[in-house]
**Q** 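What follows is a single structure, and I will ask about it in a moment.
Both ligands and their constituent atoms are indexed starting at 1 by order of listing. All residue numbers refer to positions in the sequence shown, counting from 1.
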Amino acid sequence: MISAPGRVDIVEKPVPVPGPGEALVKISYCGICGSDLHAFETGFLPPRLTIGHEFSGVVCALGEGCHRPAPGRYVTGNNIIGCGRCRMCRRGRDNLCLEMRRLGITAEGTMAEYALLPVKELVELPGKASLEQAALAEPLSVGLHGVNRVQIDPGDSALILGAGTIGLAVLALLKYKGVENVFVAEPAPARRAVAGKMGAARVIDPAAAGLDSEIGALTGGVGASVVFECAGLPETIGEAGSLGGAGASVVILGICEQAVELNFLNLVTREISLCTAFGKTAAEFKEAAGLISRGLVDLAPLITGIVPVAEAAGAFSRPSRKDIKTLVAF
Ligand SMILES: [Zn+2]
Ligand SMILES: [Zn+2]
């Protein structure tokens, strides 16, 4: 748990007992998310809350009336728990549930030896082999939601701004969809190398080249068909529209708390469609977990560190730009 800004504590809590509709899961891996690092910096979380929401594990007990997934089965699960009743849930937009619970943010999280989870949010995995990558089903599903927000065809070109976990998840999904021309702009060399390994058609250092002219050259002067903003910075959100061609779509997946300056004339006169993406639906989570467990996307290059729980605090206080995804092993 995060006890104060800059402080992670490992505490003993009793192993919870599953109630109706719940499963007790022995956690195998839990990823450290950018949102966990942000909470670490600000200390802004309910007191004594267990953090973490990117997990895989083994079912060890079920509450009353539950039969699946059977104890012993490997699972991952969605961290956004929709109420299933509100106007957004009824439209299948449970990522916008008006009464959502979010694991590790408003409800007990999964960076723990044991976690209590609603069985309806669990997805079974075929075997132990996929447990490491399955902990990345959550960020992959965030990428999938972003990709699903726009129409993109194999012949289109895409530009991803930022090669952190979400940017690279979008890259993996676009490659899976058969989009050949996926360009990635990222200032950190280690992350650029991973983007190259994962099949980006061109990886660009935005500090070295004029990104604008580079994208122009790569697209025959047209600009990208779709721009995915995955950096969450005011500058990258501000410039995303101008890197797309006429009629392009821009999807903002990055979370940015500061005000952003946009050149609206440039957006309007070229009819740039601007949309945002937040979280994922339960259906998208299931699809993302399936893509990993069936080996249809390979997120292994994103896992840049696996640390035992005793060393987890160090991974919070010394994150580097080389790190993409650190998993805590239980
Ligand atoms: Zn996350
Ligand atoms: Zn709801």
Side-chain angles (χ1 to χ4, degrees), residues 1-2 8 21 27 29-42 44-45 49-57 76-112 115 117-118 120-121 123 132-147 162-170 172-173 228-232 252-257 276-285 288-289 292 299 302-306 312 315-316 319 323-328:
M1 61 182 230
I2 287 164
V8 179
I27 301 296
Y29 298 100
C30 184
I32 299 178
C33 175
S35 65
D36 297 323
L37 293 171
H38 183 71
F40 174 76
E41 280 161 25
T42 59
F44 185 67
L45 271 182
L49 184 90
T50 299
I51 57 169
H53 58 269
E54 304 175 356
F55 72 95
S56 60
T76 179
N78 185 12
N79 62 317
I80 297 184
I81 319 291
C83 73
R85 296 179 305 271
C86 76
R87 140 178 99 79
M88 299 317 292
C89 282
R90 286 201 312 268
R91 289 176 193 176
R93 298 186 74 178
D94 42 286
N95 61 316
L96 303 178
C97 171
L98 305 173
E99 289 169 44
M100 71 168 77
R101 293 190 308 131
R102 297 170 72 191
L103 300 181
I105 296 171
T106 64
E108 279 290 276
T110 59
M111 200 169 287
L117 299 156
K120 72 176 176 68
E121 305 294 346
V123 181
E132 286 179 15
Q133 286 202 43
L136 276 76
E138 194 277 328
L140 184 67
S141 68
V142 171
L144 181 61
H145 184 65
V147 171
T165 303
I166 302 298
L168 293 169
V170 170
L173 290 161
F228 294 93
E229 200 289 329
C230 304
I252 314 283
L253 291 101
I255 306 270
C256 175
E257 290 177 342
T276 56
F278 176 71
K280 87 294 293 178
T281 64
E284 286 166 332
F285 184 90
I292 291 175
L299 300 182
L302 271 73
I303 303 173
T304 47
I306 299 180
F316 277 80
D323 300 332
I324 298 173
K325 181 58 69 187
T326 301
L327 300 181
V328 178

**Q** Quick one, Leu117 and Phe55 - any side-chain contact, counting heavy atoms below 4.5 Å?
**A**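 Yes; the side chains approach each other to less than 4.5 Å.
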**Q** Please step through side chain to side chain donor-acceptor pair (under 3.5 Å) for the pair Ser141 and Glu284, ending with a clear verdict.
**A** CA-CA 6 Å; Ser141 68; Glu284 286 166 332; over 6 Å; no
**Q** Measuring from His145:NE2 to Arg93:CZ, what's the distance to the nearest 0.5 Å?
**A**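 Going from the NE2 atom of His145 to the CZ atom of Arg93 covers 7.0 Å.
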**Q** With side chains defined as the heavy atoms from C-beta onward, is the minimum distance between Leu37 and Phe316 less than 4.5 Å?
**A**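 Side chain of Leu37 against side chain of Phe316, heavy atoms only: contact under 4.5 Å found.
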**Q** Is there a side-chain contact between Arg102 and Ser35, using heavy atoms and a 4.5 Å cut-off?
**A**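 Not touching, per the 4.5 Å side-chain cut-off.
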**Q** Which residues and atoms, protein N, O or S only, are under 2.8 Å from the Zn ion (ligand 1)?
**A**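 Less than 2.8 Å away from the Zn ion (ligand 1) sit Cys33 SG, His53 NE2, Glu54 OE2.
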**Q** Report yes if the side chains of His53 and Asp36 come closer than 4.5 Å at any heavy-atom pair, otherwise no.
**A** yes
**Q** Would you mind counting protein N, O or S atoms that sit less than 2.8 Å from the Zn ion (ligand 2)?
**A**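 For the Zn ion (ligand 2), protein nitrogen, oxygen or sulfur atoms under 2.8 Å: 4.
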**Q** Atom SG in Cys33, atom CD in Glu54: separation rounded to 0.5 Å?
**A**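 Reported to 0.5 Å precision, the distance equals 4.5 Å.
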**Q** Can you tell me which residue among Val170, Ile252, Ile166 is in a side chain to side chain contact (heavy atoms under 4.5 Å, CB included) with Phe228?
**A**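 In the set Val170, Ile252, Ile166, the residue that makes a side chain to side chain contact (heavy atoms under 4.5 Å, CB included) with Phe228 is Val170.
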**Q** As a test of understanding, state which of Leu144, Leu140, Asn78 forms a side chain to side chain contact (heavy atoms under 4.5 Å, CB included) with Lys280.
**A** Asn78
